[in-house]
S.K.: 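Shown below is the structure under consideration.
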Amino acid sequence: AGSGKFFVGGNWKCNGTKESITKLVSDLNNVKLEDDVDVVVAPPFLYIDQVKSSLAPRIEISAQNSWVSKGGAFTGEISVEQLKDIGCKWVILGHSERRHVIGEDDQFIGKKAAYALSEGLGVIACIGELLEEREAGKTFDVCFQQLKAYADAVPSWDGIVIAYEPVWAIGTGKVATPDQAQEVHAAVRDWLKKNVSPEVASKTRIIYGGSVNGGNCAELAKKEDIDGFLVGGASLKGPEFGTIVNSVT
Ligand code: G3P
């Protein structure tokens with residue numbers, strides 16, 4: 001941990017029912033969270049309203065996706081304006097499941113980020129390599145190309161948190177080692193320094209995602225360039241998510 005306030009997001013993905021989410025919110029409301037950490041949860045769209053009205057306001061709400069422009073005739077999409085209307089402060093964009101399962105490309109994701117920022121949402125901008133890309137020695141190339149697409153699209157990096165999520169670590173139980181994560185985080189910061197500005201490099205938070213849990217978070221949090229986490233599976237358990245939020249202290 002080094003740049004700015006530690007940031008922990010819980011990405012609930014496409015999980016939950018009214019009942020299970022009621023229980024999760026109540027567990028989260030009963031967990032003591034350290035003050036000096038930004039905490040965000042991203043429920044499925046359908047449950048955002050329920051979560052917003054029952055979760056302690058100390059935890060901000062994120063969406064898991066947003067439409068690329070102003071709302072209108074876009075069947076099945078959710079607009080940034082609607083997310084703001086319902087109380088979202090953040091949106092996760094460029095998640096590997098949207099890149100590799102849904103097929104979103106770098107440019108489309110960059111445009112989404114620019115639009116969300118222009119409307120005042122914070123953006124959790126995800127990047128990360130596939131296993132075969134890592135094995136082919138292309139980790140940095142892939143991450144830098146994804147970063148460049150954001151950099152080319154956004155007018156400013158205010159409001160962006162970068163989430164490095166190696167795809168091979170997501171939902172696999174195979175967490176990156178602290179050294180593996182630190183190596184990429186440091187490279188991302190260096191890329192920002194050279195290609196955006198030293199100021200943006202030093203103030204932008206770079207968080208890690210991929211099989212983070214209550215047992216491995218403390219070691220990861222000690223690394224200089226790991227400024228927080230984006231948590232999937234373990235964010236569905238209130239007490240364990242609390243442990244991860246508090247891991248930096
Ligand atoms: O966005 C968080 C995510 O992709 C990591 O998922 O389940 O490996 O923590 P998980």
S.K.: Is S20 reaching over with its side chain to a backbone N or O of G16, donor-acceptor style, under 3.5 angstrom?
M.R.: no

S.K.: Check whether any side-chain N or O of D152 sits under 3.5 Å from a backbone N or O of A149 as a donor-acceptor pair, and report yes or no.
M.R.: no

S.K.: With no hydrogens and no angle check, is any side-chain donor or acceptor of S211 less than 3.5 Å from a backbone partner on G173?
M.R.: yes

S.K.: Show me the side-chain donor-acceptor pairs of residues 80-96 shorter than 3.5 Å, one per line, residues at least two apart or across chains.
M.R.:
{"unit_1": "E81", "atom_1": "OE1", "unit_2": "G71", "atom_2": "N", "d": "3.4"}
{"unit_1": "E81", "atom_1": "OE1", "unit_2": "S79", "atom_2": "OG", "d": "3.3"}
{"unit_1": "E81", "atom_1": "OE2", "unit_2": "Y115", "atom_2": "OH", "d": "2.3"}
{"unit_1": "Q82", "atom_1": "OE1", "unit_2": "S79", "atom_2": "N", "d": "2.9"}
{"unit_1": "Q82", "atom_1": "OE1", "unit_2": "S79", "atom_2": "OG", "d": "3.3"}
{"unit_1": "K84", "atom_1": "NZ", "unit_2": "E119", "atom_2": "O", "d": "2.7"}
{"unit_1": "K84", "atom_1": "NZ", "unit_2": "E119", "atom_2": "OE1", "d": "3.4"}
{"unit_1": "W90", "atom_1": "NE1", "unit_2": "E60", "atom_2": "OE1", "d": "2.9"}
{"unit_1": "H95", "atom_1": "ND1", "unit_2": "E97", "atom_2": "N", "d": "2.9"}
{"unit_1": "H95", "atom_1": "NE2", "unit_2": "E165", "atom_2": "OE1", "d": "3.0"}

S.K.: Compare every heavy atom of R99 with every heavy atom of C126, then report the nearest pair and how far apart it is.
M.R.: O-NH2, 3.0 Å

S.K.: Would you say the side-chain atoms of S197 pair up with the backbone N or O of K193, donor to acceptor, closer than 3.5 Å?
M.R.: no

S.K.: What is the distance from atom CG of N30 to atom CG of L28, rounded to the nearest 0.5 Å?
M.R.: 9.0 Å

S.K.: For the residue pair V188 and V184, establish whether any side-chain heavy-atom pair is separated by less than 4.5 Å.
M.R.: yes

S.K.: Quick one: pull up CD in Q145 and CZ in F140 and give me the separation to the nearest 0.5 Å.
M.R.: 15.5 Å

S.K.: Do the non-hydrogen side-chain atoms of W157 and V196 ever get within less than 4.5 Å of each other?
M.R.: yes

S.K.: Working note: W12 + I21, criterion side chain to side chain contact (heavy atoms under 4.5 Å, CB included); need CA distance, chi angles, decisive distance, verdict.
M.R.: CA-CA 10 Å; W12 297 358; I21 286 174; 4.0 Å; yes

S.K.: Please tell me if the side chains of P44 and Q64 come closer than 4.5 Å, counting only heavy atoms from C-beta onward.
M.R.: yes

S.K.: Looking at V212 and C217, what are the two nearest heavy atoms and their distance?
M.R.: CG1-CB, 4.1 Å

S.K.: Do N195 side-chain atoms and A151 backbone N/O form a donor-acceptor pair below 3.5 Å?
M.R.: no

S.K.: Under 4.5 Å between any side-chain heavy atoms of L130 and W168, yes or no?
M.R.: no

S.K.: Can you find a pair of side-chain heavy atoms, one from I162 and one from L147, that are under 4.5 Å apart?
M.R.: yes

S.K.: If every non-hydrogen atom of Q182 is compared with every non-hydrogen atom of E224, which pair is closest and at what distance?
M.R.: OE1-N, 3.5 Å

S.K.: Tell me whether Y47 is reachable from L236 by hopping between hydrophobic residues (I, L, V, M, F, W, Y) whose side-chain heavy atoms are closer than 4.5 Å.
M.R.: yes

S.K.: Could you give the distance from CG (D190) to NE2 (H185), rounded to the nearest 0.5 Å?
M.R.: 14.5 Å

S.K.: What's the separation between atom OG1 in T17 and atom CG in L46, rounded to the nearest 0.5 Å?
M.R.: 12.0 Å

S.K.: Hey, does the side chain of E240 reach the backbone of K237 with a donor-acceptor pair shorter than 3.5 angstrom?
M.R.: no

S.K.: Does Y150 reach the side chain of I160, with side-chain heavy atoms less than 4.5 Å apart?
M.R.: no

S.K.: Taking S235 for its side chain and G232 for its backbone only, find out whether a donor-acceptor pair lies under 3.5 Å.
M.R.: yes

S.K.: Do the side chains of R134 and E129 get close enough for a salt bridge, i.e. N-O under 4.0 angstrom?
M.R.: yes

S.K.: Applying the salt bridge (charged side-chain N to carboxylate O under 4.0 Å, His left out) criterion to R205, which one of D38, D227, D158 satisfies it?
M.R.: D38

S.K.: Could you tell me how the ring of F6 sits relative to the ring of F229: parallel (under 30°), tilted (30 to 60°) or perpendicular (over 60°)?
M.R.: perpendicular

S.K.: Let's go through E104 and K112 carefully: what are the C-alpha distance in whole Å and the side-chain angles of both, what is the deciding distance for salt bridge (charged side-chain N to carboxylate O under 4.0 Å, His left out) to 0.1 Å, and is it a yes or a no?
M.R.: CA-CA 10 Å; E104 293 188 10; K112 285 187 173 191; 2.9 Å; yes

S.K.: Are I244 and V175 in one and the same hydrophobic cluster, where Ile, Leu, Val, Met, Phe, Trp and Tyr link if side-chain heavy atoms are under 4.5 Å apart?
M.R.: yes

S.K.: Say you draw a straight line from CZ of R189 to NZ of K194; how long is it, rounded to the nearest 0.5 Å?
M.R.: 14.0 Å

S.K.: When you look at V231 and V8, which way does the side chain to side chain contact (heavy atoms under 4.5 Å, CB included) test go after all the steps?
M.R.: CA-CA 7 Å; V231 186; V8 178; 4.2 Å; yes

S.K.: Looking only at non-hydrogen atoms, find the nearest pair between Y208 and P166 and report the distance.
M.R.: CE1-CD, 3.5 Å

S.K.: Using a strict threshold of under 4.0 Å (side-chain N to carboxylate O), is an ion pair present between D106 and K148?
M.R.: no

S.K.: Output, in order, the C-alpha distance, side-chain angles, deciding distance and verdict of side chain to side chain donor-acceptor pair (under 3.5 Å) for K32 and N246.
M.R.: CA-CA 9 Å; K32 161 91 184 83; N246 296 340; over 6 Å; no

S.K.: Please answer: with hydrophobic residues joined when any side-chain heavy atoms are less than 4.5 Å apart, are L131 and V142 in the same cluster?
M.R.: no

S.K.: Count I, L, V, M, F, W, Y as connected when their side-chain heavy atoms are under 4.5 Å apart, and connections chain through other members. Are I207 and L192 then in the same cluster?
M.R.: no

S.K.: Check step by step if side chain to side chain donor-acceptor pair (under 3.5 Å) holds for Q50 and T22.
M.R.: CA-CA 8 Å; Q50 178 192 337; T22 300; 3.0 Å; yes

S.K.: Measure the shortest side-chain to side-chain distance between F7 and I124 over non-hydrogen atoms and say whether it is less than 4.5 angstrom.
M.R.: yes

S.K.: Go through I61 and I48 one step at a time and tell me if the side chain to side chain contact (heavy atoms under 4.5 Å, CB included) criterion holds.
M.R.: CA-CA 8 Å; I61 311 286; I48 288 176; 3.9 Å; yes

S.K.: If you measure from CD1 on I59 to NZ on K52, what distance do you get to the nearest 0.5 Å?
M.R.: 11.0 Å

S.K.: Of all heavy-atom pairs between A116 and S66, which one has the smallest distance, and what is that distance?
M.R.: CB-OG, 4.4 Å

S.K.: Please name the pair of heavy atoms, one in D35 and one in K5, separated by the smallest distance, quoted to 0.1 Å.
M.R.: O-CE, 3.9 Å

S.K.: Are F241 and I226 co-members of a hydrophobic cluster defined by side-chain heavy atoms under 4.5 Å apart?
M.R.: yes

S.K.: Just so I know, are the side chains of E34 and V248 near enough to count as touching, which here means a heavy-atom distance under 4.5 Å?
M.R.: no

